[in-house]
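Step one of this worksheet: look at the structure below.
The shown structure was predicted, so the numbers you read here are calculated from the model rather than taken from an experiment. First the proteins, then the strands, lettered A, B, ... as listed; each starts at 1.
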2 protein chains.
Amino acid sequence: MASIGDVAKLAGVSRSTVSLVCNNKGYVSDETRKKIEKAMKELNYIPSELGRNLKMQKSGIVGIIVPDIAHPFFSTFIKYAEKELYSRGYKALICGTAGREDVEEAYLQMLDRRTMDGVIMGAHSLKKERYLKIDRPIVTIDCYLADYIPTVHVDKRQVAEKAASLFLEKNRKKVVQLVSSHTIKNYENEKEQLFHELLEKQGCEVVDISIGYNTFTAEGYKDAAERIFEECSDMDGIFGVDMAAIACLREAKLRKLKVPEELSIVSIDGTYITKLGPEILTSIVQPIEKMAKKLVSMIILQIEGKQVEEIKAIFDVEIQDGETC
Amino acid sequence: MASIGDVAKLAGVSRSTVSLVCNNKGYVSDETRKKIEKAMKELNYIPSELGRNLKMQKSGIVGIIVPDIAHPFFSTFIKYAEKELYSRGYKALICGTAGREDVEEAYLQMLDRRTMDGVIMGAHSLKKERYLKIDRPIVTIDCYLADYIPTVHVDKRQVAEKAASLFLEKNRKKVVQLVSSHTIKNYENEKEQLFHELLEKQGCEVVDISIGYNTFTAEGYKDAAERIFEECSDMDGIFGVDMAAIACLREAKLRKLKVPEELSIVSIDGTYITKLGPEILTSIVQPIEKMAKKLVSMIILQIEGKQVEEIKAIFDVEIQDGETC
DNA sequence: GTGAAAGCGCTAACAT
DNA sequence: ATGTTAGCGCTTTCAC
């Protein structure tokens, strides 16, 4: 493989001049530029990123760590993040942690090893102190770690209010809220508590049922749905993440419960699986693309050594009119 | 940031000895090893991959190029590929090409630029000649490029046979086959033609309806489903990819067609979205995890300079008993 | 068992 | 406008 030196030799110039041509920098006379370009073509020269990376002390790679790459929320997030990263000259390295304790740690180390210039954290299964030790670019999805670590999330109050309004409109009296148990506090409680308050104030009972935090597979959600209907058969509303909501929709049908007549189901996230059918789910939709873009711009600011003034970016949610509430 | 030289200086040894300790190579006396380890700890030394990569002429990164990262088939594929790559010491860089013509080319160039050691191609929107110019490690998902480029796919005959048997069991008389128009021949026709033959031989009509090759979004599939029911209202069977099948399921309900009584729907892929509900789709399931593992082992063989004897790996499919046929 | 030396491919400050 | 020089952090061969 031809290196910059080979090109320089063939063109009869120095390596630095070749470098200038490659990167469109500085002043190079038309004549020498021509010579160099000819030599590059002749040798089929392609600059190696490896040399460049070492010199520049950066790889141009941003890691995206999520619990489950195949989960509709995260896969959609990754899709938009990659797109945005690419358009800004970066590449996306991914990692799915679920079911692999040690892996998150291993990927975080790649940050120190300079394999990655920064990390977008969508998973956080390690102890909080571990994250505080990181002094390299990092941002999180919906997770508070420290005041200096940027994060994005949706407006929790808005989620609770919009969801509550949907159930109240239908005059529901007993709503099951599916909650997940988290390792690290990520405001989640705020939303859940608000949801309680808002409904209870109007005389609607709210029952929390926990689905494991690391339940990200279709099977996991199905098991959870069965449990829900066993634990609480007289509810008339369910509020939970997309996949859980769909699993509940199925469970309701199996039990001959009519949705939405007898049971209202509202999902949070509103990923594409809620839009496919056969029933469109009534959902609180997170603006995944916008959040991905914001997170990318935050991580790039950090990588490029600039100040991130907006540490917490909060997004609005939309109600998706569906057929399940 | 401490470099290997700093550690060497502090420990009073040469850089090469530090390198040996880092990589558990060669013979180092217990005494010097101790000294070096102490120095590493003291300086909080973390070896940089950048230097190592340049020296080794490899990045340890494998690119995965797919049309749409959020598509359930591809996101599941990526999930398992990343897992397998990780367990074998490699990292996964991803790229979604749909809607971005130039991007696939850009990522392929990263292969030459040594950003990636190899590529798993799940998308192929460029001209065939482009791929034949590549002389770096590359493998494809279900796409024949040349006899020397490894690929994996499912047994097309088996798919056609199993799918056909499902419709024949129900004595269907007019089945719509959803087909996609491809840029590059990837055996796809084999499956479609076989499906035709097998059903027609038994007196069942088969109608092909094309859905755009780059239809990978929920909206795209919904539009396609509407078109299908308009173009062909008297069918009693539909055979197509998961998302299209689900979109058809919805469309059937809207038109008050009973599934599976009046209309059988069989999907191909059998990704998690067919298992969630509310109805479980009758599907021909591709063994995505196995295929991902195989592809990873093929690309690593190439990267490590070994001969890949098995150029074409063909996998069995399973029927998923569902509620739509 | 350890060190010296060379080099991977590139960039950039500085000199000319 | 172009070349010289130095160096990014690491590995590896070969002496000793």
[options]: which one has an atom nearest the side-chain heavy atoms of [X]?
| X | options | answer |
| --- | --- | --- |
| Y45(A) | dC10(D), dC10(C), dT4(D) | dC10(C) |
| R15(B) | dG3(D), dG9(C), dA6(C) | dA6(C) |
| Q57(A) | dT11(D), dT2(C), dC8(D) | dC8(D) |
| S14(B) | dT12(D), dT11(C), dA4(C) | dA4(C) |
| L54(B) | dG9(C), dT11(D), dT2(C) | dG9(C) |
| S19(A) | dT11(C), dG3(D), dT2(C) | dT11(C) |
| K55(B) | dG3(D), dG7(C), dT11(C) | dG7(C) |

What is the nucleic acid contact for [X], judged by heavy atoms within less than 4.0 Å: base, sugar-phosphate only, or nothing?
| X | answer |
| --- | --- |
| S3(A) | sugar-phosphate |
| L50(B) | nothing |
| N53(A) | nothing |
| R114(B) | nothing |

Subject >> 4.5 Å side-chain heavy-atom contact, R52(B) and R114(A) >> reply: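 When only atoms from C-beta onward are counted, R114(A) and R52(B) do not touch, as no gap falls below 4.5 Å.
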
**OP:** Please confirm whether any donor atom in the side chain of T32(A) sits under 3.5 Å from an acceptor in the base of dT2(D), or the reverse.
**Re:**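 Donor-acceptor pair under 3.5 Å: no.
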
